[in-house]
Amino acid sequence: EVSTETLQPGLHVMRATGGAVIVSIGEDGVLMIDDQYPQTARRIQDEIQTLGGGDVDLVVNTHAHFDHADGNPLLGAAGASIVAHANARRQMLRSSRLDYAGFHYIQPAYPAEGLPALTFDEAITLHFNAHTIDVQYFGRGHTDGDVAVFFREANIVHVGDLFSGGYPYIDANNGGSLAGLIAVSRAILDKTDAETRIVSGHAPVADREALAAYAEMLEICRKRPMPASRSCFSAMRRKVSRRVQRSSWKCSCTSRTLTQSFQRSRSSYSGSRMLATCCRRGSSGSSARPASTVSSAAPRGRGNSALSDP
């Protein structure tokens, strides 16, 4: 099932089982920011048709993870043009290992029809359906190929997984960095104001205040010494909860959400070890895997929602 939230006429957020999708429908056709899985991409296409749109003409990938880009081959084969950062395309060209809270998944290389035909290194501006759309790369963050997509006139930005409703997933195997994610968060904040609506892969639509709280949470975690990771989580929960609950866009990233995220992570890592590993990787940029032995529960295949938040 696809849920649709209308941001303004012709501009919608659609959610199914993968990362949230922004859809623009207008005179120039249909633009999608991310495309989830093949099966959900089809359902999103059906929803687009109910809103008066046709086939998808243009796709922008916020990054290369499968829950955001596995619809690429389906849409690319149907004629859609695909845009992504050069590093995201490089990740799609090869198989890559994703490690997330005890889940391990080898994401296969994408077929030719699923690869971005247009890539860039720093920024690209699209003009589509009366929107000026700035697709900008700020450096390593969640991965080394994440972009933020700014709709200038609408004052809306899709940040993919650079912002989340709970503790972040930093994909160190594929270039992610805690220090980088902090810097990227600050850079995005510099391009937003109190009226900006922030769409992310796995959280409700939020505002600048929520992103500022998230950036502060990341700073707290980086500064705390590794043995203090439990108190780091407590401080993170208090600070983010206070600020996000005041969000004018009713973001539900509350302390309960953060607690659930933390408890899920403890099913395979101890909470402190997961946090320490994340901080150690992110600060150094190392791609070394955790030294501990963790239980492996790989997804059954592409499109499985067990690894739901890369």
Engineer: Counting heavy atoms not belonging to Glu153, are there more than 12 under 6.0 Å from its CD?
Structural biologist: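 More than 12 heavy atoms, drawn from other residues, nucleotides or ligands, come within 6.0 Å of this atom.
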Engineer: Just jot down the side chain to side chain contact (heavy atoms under 4.5 Å, CB included) partners of Val184, sequence neighbours excluded, or say none.
Structural biologist: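 By the side chain to side chain contact (heavy atoms under 4.5 Å, CB included) rule, Val184 matches Phe138, Leu162, Ile188.
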Engineer: Restricting to side chain to side chain contact (heavy atoms under 4.5 Å, CB included), what partner residues turn up for Ala183, sequence neighbours left out?
Structural biologist: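 Ala183: no side chain to side chain contact (heavy atoms under 4.5 Å, CB included) contacts found.
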Engineer: Tell me whether Asp34 contacts the main-chain N or O of Gln36 through its side chain, where contact means a donor paired with an acceptor under 3.5 Å.
Structural biologist: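 Side chain of Asp34 to backbone of Gln36: no pair is present.
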Engineer: Regarding His12 and Thr4, do their side chains bring together a donor and an acceptor under 3.5 Å, going by distance alone?
Structural biologist: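 Looking only at side-chain atoms, Thr4 and His12 do not form any donor-acceptor pair under 3.5 Å.
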Engineer: Could you list the residues that satisfy side chain to side chain contact (heavy atoms under 4.5 Å, CB included) with Asp55, not counting sequence neighbours?
Structural biologist: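 Side chain to side chain contact (heavy atoms under 4.5 Å, CB included) check on Asp55 returns nothing, list empty.
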Engineer: For the pair Asn61 (side chain) and Ala64 (backbone), establish whether a donor and an acceptor sit closer than 3.5 Å, ignoring hydrogens and angles.
Structural biologist: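 Such a contact is absent between Asn61 side chain and Ala64 backbone.
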Engineer: Looking at Asp161 and Ser164, would you say the former's side chain and the latter's main chain have a donor-acceptor pair under 3.5 Å?
Structural biologist: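 Looks like no, no N/O pair under 3.5 Å.
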Engineer: A quick test of your reading: do over 12 heavy atoms of other residues, nucleotides or ligands sit less than 6.0 Å from CD of Glu122?
Structural biologist: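 Open: at most 12 neighbouring heavy atoms sit under 6.0 Å from CD of Glu122.
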Engineer: Identify the heavy atoms of Asp28 and His127 that sit nearest to each other, and give their distance.
Structural biologist: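 Heavy atoms only, the tightest pair is OD2-O, 4.4 Å.
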Engineer: For Asp144 and Asn174, does a side-chain donor sit closer than 3.5 Å to a side-chain acceptor?
Structural biologist: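 Their side chains do not contain a donor-acceptor pair, so the 3.5 Å distance test is not met.
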Engineer: Indicate yes or no for a side-chain donor-acceptor contact from Asn72 to the backbone of Gly114 under 3.5 Å, with no hydrogens or angles considered.
Structural biologist: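 The answer is yes, because a donor-acceptor pair under 3.5 Å joins these two groups.
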Engineer: Taking atom types as modelled, find out whether Asp70 and Tyr110 have a side-chain donor-acceptor pair closer than 3.5 angstrom.
Structural biologist: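 Checked: Asp70/Tyr110 side chains pair up, N/O donor to acceptor below 3.5 Å.
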Engineer: Are the aromatic rings of Phe66 and Tyr105 close, with centres under 6.0 Å apart?
Structural biologist: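 Centroid distance Phe66-Tyr105: below 6.0 Å, so yes.
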Engineer: Quiz question: by atom type and distance under 3.5 Å, do the side chains of Arg208 and Thr192 form a donor-acceptor pair?
Structural biologist: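 Yes - a donor-acceptor pair under 3.5 Å links their side chains.
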Engineer: Does Asp134 come within less than 4.0 Å of Arg152, counting only side-chain N to carboxylate O?
Structural biologist: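 Counted as a salt bridge, because a side-chain N and a carboxylate O are separated by less than 4.0 Å.
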Engineer: Quick check: His158 with His68 (ring centres under 6.0 Å apart)?
Structural biologist: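 So the answer is no for these two rings.
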Engineer: Between Gln91 and Thr143, do the side chains contain a donor N or O and an acceptor N or O under 3.5 Å apart?
Structural biologist: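 No, Gln91 and Thr143 have no side-chain donor paired with an acceptor closer than 3.5 Å.
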